[in-house]
Amino acid sequence: MTLPAGALSIHPSATRDFTDGRKLARYLEELFDSETGPLGWPGYLCATISRPEAITACLAADHTLTDGYSVLLTAYEIHTLYAAALAAANGKPAPPPLPPTASYLDFAEAERTAADALTAAHESIVHWRQFLTEAGGRLPEFPVPGSDVSGSPAAQPGGYTELVDASTAHAFDRVCRAAGGASFSGLLACLAKVGHEITGSGEFRTMAPFHTRTGPSRSSIGWYVGMGPIAFPLSATDSFAEAVRSAVSGLDGVKDLVQIPTPRVEELLGRPLRDPFMFRTVTFVAPPVPATGTLGGLSSSAAAAPTRTTCTSGSCVTTTASSSTTVTLRPARQASRSPHHMASIKHLLASIASTARWPATAHPTGDYCP
């Protein structure tokens, strides 16, 4: 929904001066947490930090309003609109305008109408039910054992690790494609291998979010995300190429499953779906806003950061032109074991990129040591 010109007014309010960066960060975090909840409106808030040499603009929004792509699209739109205003003020030609976009409200209405028409006998719901039944009615859990098995919510320390550089990422992708898959299925194969080394399980299971954007909605701000279940077998003797092909098979049909909102799946299954372990990837072929650059002769940059949470364990692998990195979230009871898990995956990626084979051991030290 786009408001007409003049329908929106902005009233800035100054707070106070900060001399300690840590106190400023804590203040912003508490402000955003208190003002951008899912049950209040508006669920977003803007803030600026003024310094003699620069101004930082912060935008916080509840995750129910924006998916990951929306966050980056917002940075792109702010960048584009500011460039247009700057050009007009200086009497210069305006840059290309923002592309036309679809309404998220129209998408949400169509999505709800389609979901409401489903029954428990729909093939996608049957697939969900089978996925749960095969694991005793439980969704996949993070394979690293934790010291606290109470299941109670716990704070999630985060981690950031560079998995591979650009050349290694490209080499890994080539190996995956030669095996009949792509980087995503190759990463799933690596996760499955590490999980097998830890648990001995002959099947890898996880949850993964996929975007549901099509056509004009590709540049829309909203929640265009669906969760899908993934499962495929892996034995100790499977080669990397065999593991990739198995992962590709496990992804078959998942794009159809994610078109159904999780709340509707819960209704038709008659049970809640709280995913304790998920894995996702984001690939930027040509990011709309560079990490650093210039705007009207001034330097500019954009960055995205999550808030604190107490729910799902997960990993997000982000691939750009320069590297592949992973951002991890783990409950506190698993945080001390997470670095070993990431180190094992990094070890596999490096070996596969150079030899197209699994390394002799799945962990760089020779053993998995939680």
Side-chain angles (χ1 to χ4, degrees), residues 63-64 67-69 104 106-143 151 179-182 184-193 195-196 199-215 217 222-235 238 242-281 311-316:
H63 206 4
T64 57
D67 56 20
Y69 288 99
Y104 177 69
D106 293 341
F107 167 84
E109 181 181 13
E111 182 184 57
R112 177 179 286 272
T113 299
D116 287 345
L118 299 179
T119 67
H122 190 273
E123 59 181 347
S124 293
I125 305 303
V126 172
H127 186 115
W128 269 104
R129 185 178 295 109
Q130 180 180 354
F131 181 80
L132 291 167
T133 301
E134 290 173 349
R138 296 176 60 85
L139 287 174
E141 296 185 356
F142 186 56
F184 182 55
S185 50
L187 285 165
L188 287 174
C190 290
L191 283 169
K193 182 67 171 179
H196 176 78
T199 67
S201 173
E203 183 181 48
F204 177 72
R205 301 169 68 84
T206 188
M207 300 285 290
F210 294 83
H211 80 78
T212 56
R213 297 170 178 269
T214 58
S217 66
W223 182 258
Y224 295 91
V225 175
M227 292 297 298
I230 299 173
F232 58 90
L234 179 75
S235 70
D238 284 348
E242 290 171 329
V244 168
R245 290 190 286 271
S246 186
V248 170
S249 177
L251 289 168
D252 186 40
V254 72
K255 284 294 184 74
D256 294 326
L257 297 177
V258 302
Q259 303 301 320
I260 308 174
T262 302
R264 181 56 176 157
V265 177
E266 292 177 325
E267 290 177 1
L268 293 173
L269 291 177
R271 55 153 296 164
L273 294 175
R274 182 79 175 216
D275 47 304
F277 172 47
M278 69 175 183
F279 172 73
R280 61 195 185 276
T281 65
C311 52
T312 305
S313 296
S315 298
C316 177

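Since this is a predicted model, take the numbers as computed values, not measurements. Residue numbers count from 1 along this sequence.
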Item checked: Least distance between heavy atoms, G181 atom then V248 atom -> CA-CG2, 3.8 Å

Notebook entry, point to check: Are the side chains of L251 and L188 in touch, meaning some heavy atoms are under 4.5 Å apart?
Noted result: yes

Check: Is there any salt bridge (Lys or Arg N to Asp or Glu O under 4.0 Å) pair reaching into residues 261-271, and which pairs are they, with sequence neighbours excluded?
Finding: R264-E267

Checklist line | Steps toward side chain to side chain contact (heavy atoms under 4.5 Å, CB included) verdict (L234, K193) | finding: CA-CA 7 Å; L234 179 75; K193 182 67 171 179; 4.3 Å; yes

Note to self: If I compare all heavy atoms of A231 with all of E203, which pair ends up nearest, and what's the gap?
What the structure shows: CB-OE2, 3.9 Å

Margin query: Could you work out, with side chain to side chain contact (heavy atoms under 4.5 Å, CB included) as the rule, every residue matching S249, not counting sequence neighbours?
Written below: none

Next item on the list: Under the side chain to side chain contact (heavy atoms under 4.5 Å, CB included) rule, collect the residues that match up with V265, sequence neighbours excluded.
Entry: I125, W128, I260, L269, L273

Margin query: So V258 and M227, do their side chains get closer than 4.5 Å, heavy atoms only?
Written below: no

Notebook entry, point to check: A120: what forms a side chain to side chain contact (heavy atoms under 4.5 Å, CB included) with it, not counting sequence neighbours?
Noted result: R129

Notebook entry, point to check: Residues two or more places apart in sequence or in another chain: which of them pass side-chain hydrogen bond (donor to acceptor under 3.5 Å, both in side chains) with S235?
Noted result: T237, D238

Next item on the list: Report yes if some heavy atom in the side chain of F131 is under 4.5 Å from a heavy atom in the side chain of L139; otherwise report no.
Entry: yes

Margin query: Tell me the closest heavy-atom pair linking P229 and L257, and the distance in Å.
Written below: CD-CD1, 3.7 Å

Notebook entry, point to check: Looking at I230 and G250, what are the two nearest heavy atoms and their distance?
Noted result: CG2-O, 4.1 Å

Notebook entry, point to check: Looking at residues at least two apart in the chain, or sitting in another chain, which of them share a ring-ring contact (aromatic ring centres under 6.0 Å, His included) with H211?
Noted result: Y69

Item checked: Shortest non-hydrogen separation from A121 to V126 and the atoms involved -> O-CG2, 3.8 Å

Check: Okay, side chain of T199, backbone of G195: is any donor-acceptor separation there less than 3.5 Å?
Finding: yes

Check: Within the distance-only criterion (no hydrogens, no angle test), does the side chain of S246 pair as donor or acceptor with the backbone N or O of P233 below 3.5 angstrom?
Finding: yes

Checklist line | D67: salt bridge (charged side-chain N to carboxylate O under 4.0 Å, His left out) partners, not counting sequence neighbours | finding: R213

Notebook entry, point to check: What pairs meet the salt bridge (Lys or Arg N to Asp or Glu O under 4.0 Å) rule with one or both residues in residues 108-125, with sequence neighbours excluded?
Noted result: none

Note to self: Holding to side-chain hydrogen bond (donor to acceptor under 3.5 Å, both in side chains), I want the full list of residues that pass it with Q259, two or more places apart in sequence or in another chain.
What the structure shows: none

Check: Does any non-hydrogen side-chain atom of F210 lie less than 4.5 Å from one of T212?
Finding: no

Item checked: Side-chain heavy atoms of M207 within contact of P140, under 4.5 Å -> yes

Check: For D256 and S124, which heavy atoms make the closest approach, and how far apart are they?
Finding: O-OG, 4.3 Å

Next item on the list: Using ring-ring contact (aromatic ring centres under 6.0 Å, His included) as the criterion, list what pairs up with Y224, not counting sequence neighbours.
Entry: Y104, F107

Notebook entry, point to check: Mind checking what makes ring-ring contact (aromatic ring centres under 6.0 Å, His included) contact with W223, not counting sequence neighbours?
Noted result: H63

